[in-house]
Amino acid sequence: GRSGTGGGFERFCQGETDVAAASRRIRDQEAARCSDQGVQYLEFPVALDGLSVVVNPRNTFVGCLSVRELREIWRPGSPVRTWRDVRPEFPPREIKLYGPGTDSGTFDTFTQAVVGEMGASRMDFQASEDDNVLVRGITGDQYALGYFGYAYLEENRERLKAVAVDGGGGCVAPTPESIRDGSYSPLGRQLFLYTKVGSLSRPGMVALM
């Protein structure tokens with residue numbers, strides 16, 4: 001709860017922790033850091049997830065956004081400031097953006113899938129590693145837009161409205177079925193646990209894994 005995937009890998013590869021929960025695969029430079037520190041590990045894919053684009057329930061005009069529209073909203077140097085900048089029929093109200101911090105695997109995955117480059121994003125948004133903070137921000141602003149993992153959408157169905165995403169084959173909403181069958185693309189992903197090999201002989205670790 002204190003850091004994103006990147007911060008977790010930093011501590012993991014320094015030998016400070018036994019397990020790293022990750023919302024993306026370990027990067028080459030992180031794997032090299034683990035190797036330099038003598039940390040051998042195993043990778044366990046543990047779940048499927050879908051990055052969920054959400055708005056406030058009082059938002060009555062957004063039901064689906066294309067990946068192209070999301071890219072235009074979130075790319076570095078984006079000129080988008082209001083909803084009307086996205087589509088002419090949308091109201092001229094300022095978009096308040098919410099998303100995970102730059103140390104988050106969710107941030108990495110979203111920017112790669114939507115913008116086309118990991119870490120490439122406009123930075124004038126409300127960022128937090130705590131998705132509950134993002135939920136509170138979006139529920140308090142009628143014209144907000146944000147994204148995070150599916151679990152936080154599922155836990156807050158009465159407070160949030162999911163936006164379907166058109167990746168080129170039509171609008172698809174995030175659901176357990178669309179995430180599982182791969183049709184919620186390109187925002188589907190795997191979740192992982194990384195475990196130090198040297199820790200696996202400990203009784204607590206054996207019970208956990």
Side-chain angles (χ1 to χ4, degrees), residues 1-54 98-115 118-119 121 127-135 146-157 160 162-165 167 172-209:
R2 293 179 55 183
S3 69
T5 293
F9 276 135
E10 183 174 349
R11 296 186 65 186
F12 180 74
C13 291
Q14 290 173 351
E16 297 179 17
T17 60
D18 298 299
V19 180
S23 56
R24 58 163 170 79
R25 275 202 159 90
I26 193 168
R27 296 179 181 173
D28 290 343
Q29 60 266 37
E30 292 163 338
R33 190 178 305 124
C34 277
S35 179
D36 290 344
Q37 296 296 321
V39 175
Q40 295 181 299
Y41 59 82
L42 297 175
E43 177 190 271
F44 296 93
V46 294
L48 298 175
D49 188 21
L51 299 187
S52 301
V53 179
V54 299
Y98 294 82
T102 58
D103 202 25
S104 166
T106 300
F107 174 83
D108 291 338
T109 302
F110 185 86
T111 52
Q112 179 69 60
V114 169
V115 182
M118 187 178 294
S121 175
S128 178
E129 303 294 352
D130 184 347
D131 289 342
N132 289 305
V133 172
L134 305 180
V135 170
Y147 68 92
F148 36 67
Y150 178 78
Y152 287 87
L153 167 62
E154 185 65 22
E155 290 175 0
N156 296 277
R157 282 288 183 183
L160 299 169
V163 177
V165 174
V172 179
T175 66
E177 293 73 26
S178 65
I179 293 168
R180 189 180 301 115
D181 66 22
S183 60
Y184 186 64
S185 176
L187 294 181
R189 64 174 176 178
Q190 284 184 298
L191 303 177
F192 303 89
L193 288 180
Y194 287 81
T195 306
K196 285 198 312 187
V197 171
S199 301
L200 289 174
S201 61
R202 291 167 50 190
M205 287 294 296
V206 173
L208 173 66
M209 305 308 295

Got more than 12 heavy atoms from elsewhere within 6.0 Å of CG, D28?
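Count not over threshold, so no.
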In chain order, what residues pass the salt bridge (charged side-chain N to carboxylate O under 4.0 Å, His left out) check against E16, with sequence neighbours excluded?
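R11.
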Do you know which two heavy atoms are closest between [X] and [Y], and how far apart they sit?
| X | Y | value |
| --- | --- | --- |
| F12 | T195 | CZ-C, 3.8 Å |
| T102 | E129 | N-OE2, 4.2 Å |
| G101 | A127 | CA-CB, 4.0 Å |
| F107 | G119 | CE2-CA, 3.6 Å |
| S185 | G182 | CB-O, 3.7 Å |
| A164 | A173 | CB-N, 3.9 Å |

Quick one: does [X]'s side chain have a donor or acceptor within less than 3.5 Å of a partner on [Y]'s backbone?
| X | Y | result |
| --- | --- | --- |
| Y194 | I26 | yes |
| Y184 | L51 | yes |
| D49 | G149 | no |
| S178 | T175 | yes |
| S121 | T111 | no |

Supply the atom-to-atom distance [X] [atom1] to [Y] [atom2], rounded to the nearest 0.5 angstrom.
| X | Y | atom1 | atom2 | result |
| --- | --- | --- | --- | --- |
| F148 | L134 | CZ | CG | 6.5 Å |
| D18 | L193 | CG | CG | 12.5 Å |
| R33 | Q37 | CZ | CD | 9.0 Å |
| Q40 | S35 | CD | OG | 8.5 Å |
| F9 | C34 | CZ | SG | 7.5 Å |
| T5 | E10 | OG1 | CD | 13.0 Å |

Applying the side-chain hydrogen bond (donor to acceptor under 3.5 Å, both in side chains) criterion to D108, which one of R189, R24, R25 satisfies it?
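So, applying the side-chain hydrogen bond (donor to acceptor under 3.5 Å, both in side chains) to D108 and each of R189, R24, R25, only R24 qualifies.
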Is the closest side-chain donor-acceptor distance between S128 and D130 under 3.5 Å?
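On atom types as modelled, these side chains do not qualify, holding no pair under 3.5 Å.
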Can you tell if the side chain of [X] reaches within under 4.5 Å of the side chain of [Y], non-hydrogen atoms only?
| X | Y | answer |
| --- | --- | --- |
| Y41 | C13 | no |
| N156 | V54 | no |
| V165 | V172 | no |

Results of ring-ring contact (aromatic ring centres under 6.0 Å, His included) for Y147 - residues two or more places apart only:
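By the ring-ring contact (aromatic ring centres under 6.0 Å, His included) rule, Y147 matches W74, F110.
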side-chain contact (heavy atoms from CB on, under 4.5 Å) for V53 and L187? Distances and angles first, verdict last.
CA-CA 9 Å; V53 179; L187 294 181; 4.0 Å; yes
